[in-house]
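The structure under discussion appears below in the form of structure tokens.
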Amino acid sequence: MFSKVIKWSICAQLLLLVALPPAMAEEAKKAQPIELASNAVSSVIMDADSGTVIYEKNKDAKLPPASITKIMTMLLIMEALDQGKINLDEKVRTSEYAASMGGSQIFLEAGEEMTVREMLKGIALASGNDASVAMAEKIAGTEEAFVRMMNERAAQLGMKNTHFANANGLPAENHVSSAYDIALMSRELLKHEEITQYTGLYQDYLRKDTPKPFWLVNTNKLVRFYSGADGLKTGYTSEAKFCLSATAKRDNLRVISVVMGEPDTKTRNAEVTRMFDYAFSQYTNLPIYKTGDSLGEVRIGKGEVPVVPLTATHPYSVLLKKGEAADGIRHEVQLRTDLKAPVAAGEPIGKIVVYKGDQVLTEFALESPVNVKKAGWWTLTKRTAKRMFFLD
């Protein structure tokens with residue numbers, strides 16, 4: 001009898017030993033983070049509206065960004081357009097220096113002129129190093145001055161692991177960025193929604209009605225083969241390997257996927273596709289404001305314009321896991337009450353705060369859409385008199 005008990009005990013222990021490893025393996029598998037870009041040195045998935053990071057791998061590693069650099073170049077071009085410093089039909093003359101750029105180019109000749117619109121196409125589709133430098137010189141006078149603007153803008157965006165040495169991403173000492181920083185500047189560029197009219201094209205022509213037409217084919221093949229993809233920028237050097245900052249939109253959700261240091265284009269595109277698939281299958285968003293919605297108005301003490309109306313310049317939304325309840329989510333527009341002229345365009349003037357119950361989910365900074373100068377003495381006097389004699 002005793003021997004039977006011992007046998008049963010041994011059998012039970014053997015069964016446990018056989019069953020335990022798979023169970024432990026399953027638990028370990030559950031505990032491991034997902035791996036979406038196993039071949040990339042660094043990668044990030046970011047929700048474009050909220051800036052929420054969905055997935056990351058070595059996101060802050062400083063690496064050569066190659067032609068992804070041109071996202072910042074395009075951002076400064078779009079901001080110059082918004083500020084009225086240039087316009088899309090304005091001619092840009094190519095310097096000898098710009099024409100001398102190697103690597104990817106649209107083969108600009110010294111003295112050749114193209115419109116800003118054509119230069120943007122050359123940068124967005126063909127990754128033109130020559131077009132990038134020509135636009136840098138147009139906006140800032142010299143490429144060196146433009147690079148200072150690039151680094152200043154990077155600092156403003158919180159790109160802590162980035163330093164630019166040129167406008168096009170050709171190999172240079174201390175020309176570095178990170179997947180997270182690239183996602184940040186990609187998100188900022190996408191606030192200019194018209195940029196996807198260029199980055200989302202698969203093909204086009206330059207010099208179409210001339211004896212030397214130039215066929216442009218987008219270096220980002222996902223804009224043709226992935227549903228919803230409409231940008232942004234590829235990059236390659238022997239040092240950087242294959243890089244890509246890609247964006248796609250489905251329904252209300254726009255995501256940015258960045259990979260750096262991929263071994264080849266096929267792997268790069270496959271892993272970005274996998275990142276997109278994961279984001280769109282697992283997440284959705286709750287719209288807060290859409291572009292053009294009114295956000296109220298802000299008062300400017302002693303301003304030439306006393307009240308500035310605010311509208312949403314891009315979509316605002318909250319990222320949610322699919323199936324997650326949106327109950328109890330609310331938002332408030334909180335504007336500064338201490339603003340006094342002068343106020344510069346881009347100056348912080350308030351924020352949108354999103355809550356779930358009493359918990360803050362996220363905040364969006366609001367900036368002045370215009371410059372507001374201090375009102376002159378006569379304007380302030382008339383304003384005071386009006387308040388004194390015409391109050392109800």
Side-chain angles (χ1 to χ4, degrees), residues 67-101 103-143 145-147 149-150 153 166-169 185-224 229-235 245-247 249 291 313-314:
S67 283
I68 291 183
T69 298
K70 297 182 178 82
I71 291 173
M72 179 60 80
T73 301
M74 289 190 286
L75 173 59
L76 294 182
I77 293 171
M78 299 309 293
E79 291 179 342
L81 286 166
D82 283 353
Q83 294 159 11
K85 294 179 180 178
I86 56 175
N87 65 71
L88 286 170
D89 296 316
E90 189 171 345
K91 294 283 188 178
V92 180
R93 186 175 179 83
T94 305
S95 69
E96 286 190 16
Y97 174 66
S100 73
M101 293 296 112
S104 301
Q105 54 187 301
I106 57 173
F107 300 98
L108 291 168
E109 296 180 2
E112 182 177 3
E113 292 187 339
M114 281 192 181
T115 64
V116 170
R117 180 183 284 105
E118 290 169 326
M119 290 286 189
L120 259 176
K121 286 181 185 178
I123 296 168
L125 274 74
S127 195
N129 293 325
D130 46 1
S132 298
V133 173
M135 284 305 306
E137 293 175 335
K138 175 68 175 178
I139 291 170
T142 66
E143 186 188 20
F146 188 80
V147 170
M149 292 173 61
M150 293 170 74
R153 194 70 181 97
N166 56 50
N168 49 33
M185 68 175 176
S186 299
R187 181 185 178 220
E188 194 67 20
L189 178 59
L190 286 164
K191 290 179 181 178
H192 302 268
E193 295 178 28
E194 61 274 27
I195 193 63
T196 57
Q197 296 174 13
Y198 304 95
T199 61
L201 285 171
Y202 182 66
Q203 59 184 11
D204 206 335
Y205 278 92
L206 293 175
R207 311 181 187 94
K208 191 171 184 179
D209 300 320
T210 72
K212 295 182 179 180
F214 188 77
W215 185 36
L216 298 171
V217 180
N218 202 324
T219 55
N220 177 13
K221 306 307 178 191
L222 292 179
V223 301
R224 182 178 182 185
D230 53 6
L232 276 169
K233 192 71 199 70
T234 61
S245 178
T247 185
K249 183 177 182 180
T291 304
T313 56
H314 58 87

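As the structure is a computational prediction, the values presented were derived from the model and not from experiment. What you see below is based on every heavy atom in this structure, not just the backbone, and it leaves out hydrogens, waters and symmetry mates.
Applying the side-chain contact (heavy atoms from CB on, under 4.5 Å) criterion to Q203, with sequence neighbours excluded, gives W215. Residues that satisfy the side-chain contact (heavy atoms from CB on, under 4.5 Å) test with T199, not counting sequence neighbours, are M74, A124, I195, T196, L232. Residues forming a ring-ring contact (aromatic ring centres under 6.0 Å, His included) with Y198 (at least two apart in sequence, or on another chain): none. The side chain to side chain donor-acceptor pair (under 3.5 Å) check on T219 picks up T234, with sequence neighbours excluded. In this view, F107 and F214 satisfy the ring-ring contact (aromatic ring centres under 6.0 Å, His included) rule, not counting sequence neighbours. For E194, the side-chain contact (heavy atoms from CB on, under 4.5 Å) test picks out M78, D82, H192, Q197, with sequence neighbours left out. Qualifying salt bridge (charged side-chain N to carboxylate O under 4.0 Å, His left out) partners for D209, counting only residues two or more places apart in sequence or in other chains: none. Residues passing the side chain to side chain donor-acceptor pair (under 3.5 Å) test with R153 are E79, Q156, E188, sequence neighbours excluded. The side chain to side chain donor-acceptor pair (under 3.5 Å) search around S132 returns none, not counting sequence neighbours. Under the side-chain contact (heavy atoms from CB on, under 4.5 Å) criterion, S95 pairs with Y97, A98, E137, not counting sequence neighbours.
Taking all atoms of both residues into account, the shortest heavy-atom contact from N220 to G231 is ND2-O, 3.0 Å.
Checked options E143, E113, E90; the residue passing with K138 is E90 (criterion: salt bridge (charged side-chain N to carboxylate O under 4.0 Å, His left out)).
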Test side chain to side chain contact (heavy atoms under 4.5 Å, CB included) on L81 and L88 and set out the steps. CA-CA 7 Å; L81 286 166; L88 286 170; 3.8 Å; yes
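For R207 and E112, the salt-bridge test passes: some basic side-chain N is under 4.0 Å from an acidic carboxylate O.
Sorted pairs that involve residues 109-128 and meet ring-ring contact (aromatic ring centres under 6.0 Å, His included), not counting sequence neighbours, are lacking altogether. The salt bridge (charged side-chain N to carboxylate O under 4.0 Å, His left out) analysis of residues 125-135, with sequence neighbours excluded, yields no pairs.
At a cut-off of 3.5 Å, with distance as the only test, no side-chain donor of T313 or K191 sits close to an acceptor on the other residue. Donor-acceptor pairing under 3.5 Å is lacking for the side chains of K233 and S67.
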